[in-house]
Amino acid sequence: MTNLILILGDQLCPQISSLDGADREHDVVLMCEVMSEATYVGHHKKKLAFIFSAMRHFAEELQEAGYQVRYTKITDKDNAGSFTGEVKRAVNDLKLKSVCVTEPGEWRVLEEMKLWSETLRLPVDIRPDRRFLCSHEEFARWADGRKSLTMEFFYRDMRRRTGLLMQGDEPVGGRWNFDTDNRKPAEPDLLRPRHLRFAPDKITTDVLQIVEKLFPENFGMLAGFGFAVTRTDAESVLERFIADFLASFGETQDAMLRDDPFLNHSLLSFYINAGLLDALAVCRAAERAYLDERAPINAVEGFIRQIIGWREYMRGIYWHAGPVYADSNFFENTRPLPAFYWSGKTDMNCLSVVINETIEHAYAHHIQRLMITGNFALLVGIDPKAVHVWYLEVYADAYEWVELPNVVGMSQFADGGFLGTKPYAASGNYINRMSDYCGTCRFDPKKRVGDNACPFNALYWDFLARNRNKLRANRRLAQPYATWDRMDEGTQRAIRRQAAGFLADLK
Ligand code: FAD
Ligand code: SF4
């Protein structure tokens, strides 16, 4: 035996670079469920079960392909509890001569790996992660020297590079972006097809029991676990999405409905992020649906933009900004996360619906994350690190490389505009327009002050007034500030008093 190949829980892909040139007879693939990763934040129970089960299935897939796999379960009594400990143990037990791994998705783990060549006294090869379309070097070349890192320009480069939805040098349909045709509210639709769910097999059933036993206090519920945990099942989810949901993806992308948590979203982030699906292949499947006239351009372009645009861009920002990005706190916010983020118990119906769906599914779609839980945290001034940890814990697709820039940059504007051009702050009016949450809420989205006034309204204006010094130069906020300035002083005072009362009671 010669080489140890470490495969992490979100690298479940036979084409992962660490397997390049592997000698199936002599090299050993190490996969390990370790406590340090399972507990560095308190992950949702369904997230833990999804990753452990998908890892166990992938280990079987590798064994069937002829690899020698050493698999450490979370319950193994000699489990060393960390990547470093498990790599050391394997190297010593098997007398291996070198270690190879594909780069991880977090600074924290990369720092740990960088110490290995010294501590193990072995060559350690940390390889680039080819699953992403844009390497760190390419992103840095794109970003360096630019005044602003606008995603739209990055996205156009990615379209040119991949050839997706391109006719020569021109975008198909004559436009790069069809968002103006999207962003509509949605009506409840009892005939909307159902998203695929999978009954737990023996491996998943074992994992569900272990997670309940080892992590009983963690956030979320295990009941109803229906994630795909194999590549084949994840591919079925993709096929179902393309056949039944893609055509309407664009128009309902920003809509929120009380009894329809998934709408026409793809539910593919879990599988793409863990390695069960390839991002480019997913985009090619969507492009094929457009070419075959099974889905319109606004839907397909919008979907592809999320993946080769936003997903790649977020990953680029994460590595480009460095580990200090996690400390960003532009508004100097210090308020702790309110307790209802863990229980879902609040009279504000929009927050209650989204948090309860998160507890149940370890999922919320983009606009729920951005404009409900994210928007509220921004308006009331929660410490962005606490917001970051919450998102990392509660969603089954959350890994720091994608979660952190979405939370710290896009949602909380804690980087002061490094990533986004303006804070995603909105009043109850927006939520009322884009959802059916307000109809059954005890608050009135049209009122700014008074007992039953929607808290988002006073909080929105208070946020703008409170942070005026920091935001005054932002041209995209000129209009809301002009509206605020047009209000008479009495109205302004009443709104700020209403917000202060709410904030004083917020626990
Ligand atoms: P769809 O709506 O069907 O979109 C298709 C695909 O596009 C997704 O599967 C995903 O791969 C990609 N995508 C869409 N938007 C983004 C985005 N902003 N950044 C990166 N990829 C995107 N996404 C994660 O994968 N992990 C996270 O931890 C995560 N945290 C987020 C936190 C906040 C505050 C916000 C605002 C967004 C976050 N996102 C995160 C992005 C987005 O919300 C999820 O990717 C999406 O909701 C996943 O559901 P879906 O697969 O049904 O997506
Ligand atoms: Fe949310 Fe306000 Fe609508 Fe209630 S009225 S659901 S608090 S936006």
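Heads up: numbering here begins at 1 and tracks the sequence. Both ligands and their constituent atoms are indexed starting at 1 by order of listing.
Summary of contacts: the protein heavy atom closest to atom 9 (O) of ligand 1 is Ser269 N, 3.1 Å. For atom 2 (O) of ligand 1, the closest heavy atom belonging to the protein is His265 ND1, 2.7 Å. Protein heavy atom closest to atom 39 (N) of ligand 1, with residue, atom name and distance, is Asn406 ND2, 3.5 Å. For atom 40 (C) of ligand 1, the closest non-hydrogen atom on the protein side is Arg369 NH1, 3.5 Å. Summary of contacts: the protein heavy atom closest to atom 27 (C) of ligand 1 is Asp397 OD1, 3.4 Å.
Note on Glu403 versus Lys47: no salt bridge recorded, every NZ/NE/NH1/NH2 to OD/OE distance being 4.0 Å or above. Between Arg192 and Asp244 no salt bridge is recorded (no basic side-chain N to carboxylate O distance below 4.0 Å). Between Arg161 and Asp157 there is no salt bridge, since no side-chain nitrogen of the basic residue lies less than 4.0 Å from a carboxylate oxygen of the acidic one. Taking the charged nitrogens against the carboxylate oxygens, Arg175 and Glu301 have no contact shorter than 4.0 Å, which rules out a salt bridge. The pair Glu137-Arg141 does not count as a salt bridge, with every side-chain nitrogen at least 4.0 angstrom from each carboxylate oxygen.
For the pair Arg369 and Tyr363, the cation-pi test (distance below 6.0 Å, angle within 45°) is passed. Geometrically, Lys45 does not engage Phe215 in a cation-pi contact defined by less than 6.0 Å to the ring centre and at most 45° from the axis.
With a 4.0 Å heavy-atom cut-off, ligand 1 is reached by the side chain of Tyr363 but not by its N, CA, C or O. Residue contacts with ligand 1, taken as heavy atom pairs separated by less than 4.0 Å, involve Phe249 solely via side-chain atoms from C-beta onward. Neither the backbone nor the side chain of Ala279 comes within contact range of ligand 1; no heavy atom lies under 4.0 Å. In Asn273, the part holding a heavy atom less than 4.0 Å from any atom of ligand 1 is the side chain.
Nearest residue to atom 23 (N) of ligand 1 from Val402, Val408, Thr373 is Val402 (criterion: closest heavy atom). Closest heavy-atom approach to atom 47 (O) of ligand 1 among the candidates Glu400, Arg311, Met314, His366: His366. Within the set Trp310, Phe262, Tyr271, Tyr424, the minimum heavy-atom distance to atom 16 (C) of ligand 1 is found for Trp310.
Annotation for ligand 1: atoms under 4.0 Å from non-hydrogen atoms of Phe303 are 5 (C). Ligand-side atoms of ligand 1 in range of Ser411: 34 (C), range being under 4.0 angstrom from any heavy atom. Listed by number with element, the atoms of ligand 1 under 4.0 angstrom from any heavy atom of Leu268 are 9 (O), 51 (O). Under a 4.0 Å criterion applied to the non-hydrogen atoms of Ala364, ligand 1 contributes the atoms 47 (O). Each of the following atoms of ligand 1 lies closer than 4.0 Å to a heavy atom of Val407: 32 (C), 34 (C). Close approach of ligand 1 to Leu370 (heavy-atom distance below 4.0 Å) involves ligand atoms 36 (C).
Ligand 1 lies out of reach of Pro405, whose nearest heavy atom is not under 4.0 Å from it.
Separating the CG atom in Leu276 from the CZ atom in Phe50 is a distance of 5.5 Å, to the nearest 0.5 Å. Put simply, CZ on Phe52 and CE on Met55 are 7.0 Å apart, with the number rounded to the nearest 0.5 Å. Note that OH of Tyr391 is 6.0 Å distant from OH of Tyr341, once rounded to the nearest 0.5 Å.
The shortest side-chain heavy-atom distance between Asp129 and Ile16 falls under the 4.5 Å cut-off. Counting heavy atoms from C-beta outward, Ser411 and Tyr424 have side chains that stay 4.5 Å or more apart.
Every N/O-N/O distance between Tyr391 and ligand 1 stays at or above 3.5 Å. When only interatomic distances are considered, the shortest N/O to N/O separation between Ile272 and ligand 1 does not fall below 3.5 Å. Polar contact with ligand 1: absent for His365 (N/O pair, distance under 3.5 Å). When only interatomic distances are considered, the shortest N/O to N/O separation between Ser266 and ligand 1 falls below 3.5 Å.
A donor-acceptor pair is defined here as one N or O able to donate and one able to accept, closer than 3.5 Å; no such pair exists between the side chain of Asp10 and the backbone of Asn273. Arg305 places no side-chain N or O within donor-acceptor distance of the main-chain N or O of Tyr155, the cut-off being under 3.5 Å.
Only protein N, O or S atoms were scored, and 1 of them lie under 2.8 Å from atom 1 (Fe) of ligand 2.
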Output, in order, the C-alpha distance, side-chain angles, deciding distance and verdict of side chain to side chain contact (heavy atoms under 4.5 Å, CB included) for Leu268 and Phe303. CA-CA 11 Å; Leu268 291 175; Phe303 178 72; 4.1 Å; yes
Apply ring pair (Phe, Tyr, Trp, His ring centres under 6.0 Å) to the pair Phe456 and Tyr430, showing each step before the final yes or no. CA-CA 10 Å; Phe456 279 86; Tyr430 172 89; over 10 Å; no
